[in-house]
Amino acid sequence: MLLSKTVFALSTILLVLSGFGCEKSDNKSVNTTVITQPTPTPTTTAALPKDGNYNARGKVTKINNELGSVELDHEDIPGVMAAMRMEFFVKNKAELKPLKIGDQVDFVLEYKHPTETIVSIKKAK
C-alpha cells in the first residue's frame, strides 16, 4: 500500500513537471538576457627596426665585465624599442672598465636583425 502511494505521488509530480515544458509561450512575459562577448582591444603590431645604429641614453644598473654586458635602464630608443631596463652585450668590453653602477651613459646601439649590441658607450656629459 505504501509503495503504491509513493509510485502514485512520484508519477503525479513527473506529470506536473513535464507539463511545464509543453506550455505555449507568447514571449510577452519572457525576460531574456543577451550576453555579449567583450570586443578585444586592437593592438598594433610593432614593425621590425631597420638595421643600423641608434643613439640612446640610459643609467647603468649592472655591469658584467667577464661576460661583456651591461644592464641599462634606458630611455625610449625611437624606431627600436620603448624605455625599459635591459641587458646588452658590448662589442668592446674595455668600454665597460670606466663605468660604475648609477652612471648616466650615452651609447650607440647597433641593431642587426635579430640582435642588439652596444658598439659605443660613454659616461654622459
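Just so we're clear, the structure is a prediction, and the values are computed from it rather than from any experiment. These values consider heavy atoms only, across backbone and side chains, with no hydrogens, waters or symmetry-generated copies. In what follows, residues are counted from 1 in the order of the sequence shown.
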Calculate, to the nearest 0.5 Å, the distance between atoms [atom1] and [atom2] belonging to [X] and [Y] respectively.
X	Y	atom1	atom2	answer
T61	R85	OG1	CZ	4.5 Å
I118	E87	CD1	CD	10.0 Å
L96	E66	CG	CD	12.5 Å
K93	I63	NZ	CD1	14.0 Å

Inset, instruction - Give me the one residue out of V105, N53, V108, N55 that meets side chain to side chain contact (heavy atoms under 4.5 Å, CB included) with S120. - result: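 Among V105, N53, V108, N55, the one that satisfies the side chain to side chain contact (heavy atoms under 4.5 Å, CB included) with S120 is V108.
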Inset, instruction - Can you spot which of V70, L67, N65 makes a side chain to side chain contact (heavy atoms under 4.5 Å, CB included) with V90? - result: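 Single pass found, and it is V70.
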So, for [X] and [Y], which heavy atoms are closest and what is the spacing to 0.1 Å?
X	Y	answer
Y111	K50	CD2-O, 3.7 Å
A82	D76	CA-OD1, 3.2 Å
V119	K91	CG1-CD, 3.9 Å
G79	P49	O-CB, 3.3 Å
M81	L109	CE-CD2, 4.4 Å

Legend entry - Donor on one side chain, acceptor on other, T117 and E110, under 3.5 Å: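 No, because no side-chain N or O of T117 sits under 3.5 Å from a partner of the opposite role on E110.
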Inset, instruction - Report the relative orientation of the aromatic rings in F107 and H74; use parallel for angles under 30°, tilted for 30 to 60°, perpendicular for over 60°. - result: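 F107 and H74: perpendicular rings.
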Non-hydrogen side-chain atoms of [X] and [Y] separated by less than 4.5 Å:
X	Y	result
K122	D106	no
K123	L99	yes
L72	V60	yes
Q104	R57	no

Inset, instruction - Kindly work out whether a path of hydrophobic side-chain contacts (I/L/V/M/F/W/Y, heavy atoms less than 4.5 Å apart) joins M84 to Y54. - result: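 Yes, one cluster joins them.
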Inset, instruction - Please check if the side chain of N92 supplies one atom and the backbone of A94 the other of a donor-acceptor pair under 3.5 Å. - result: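 It does hold such a pair.
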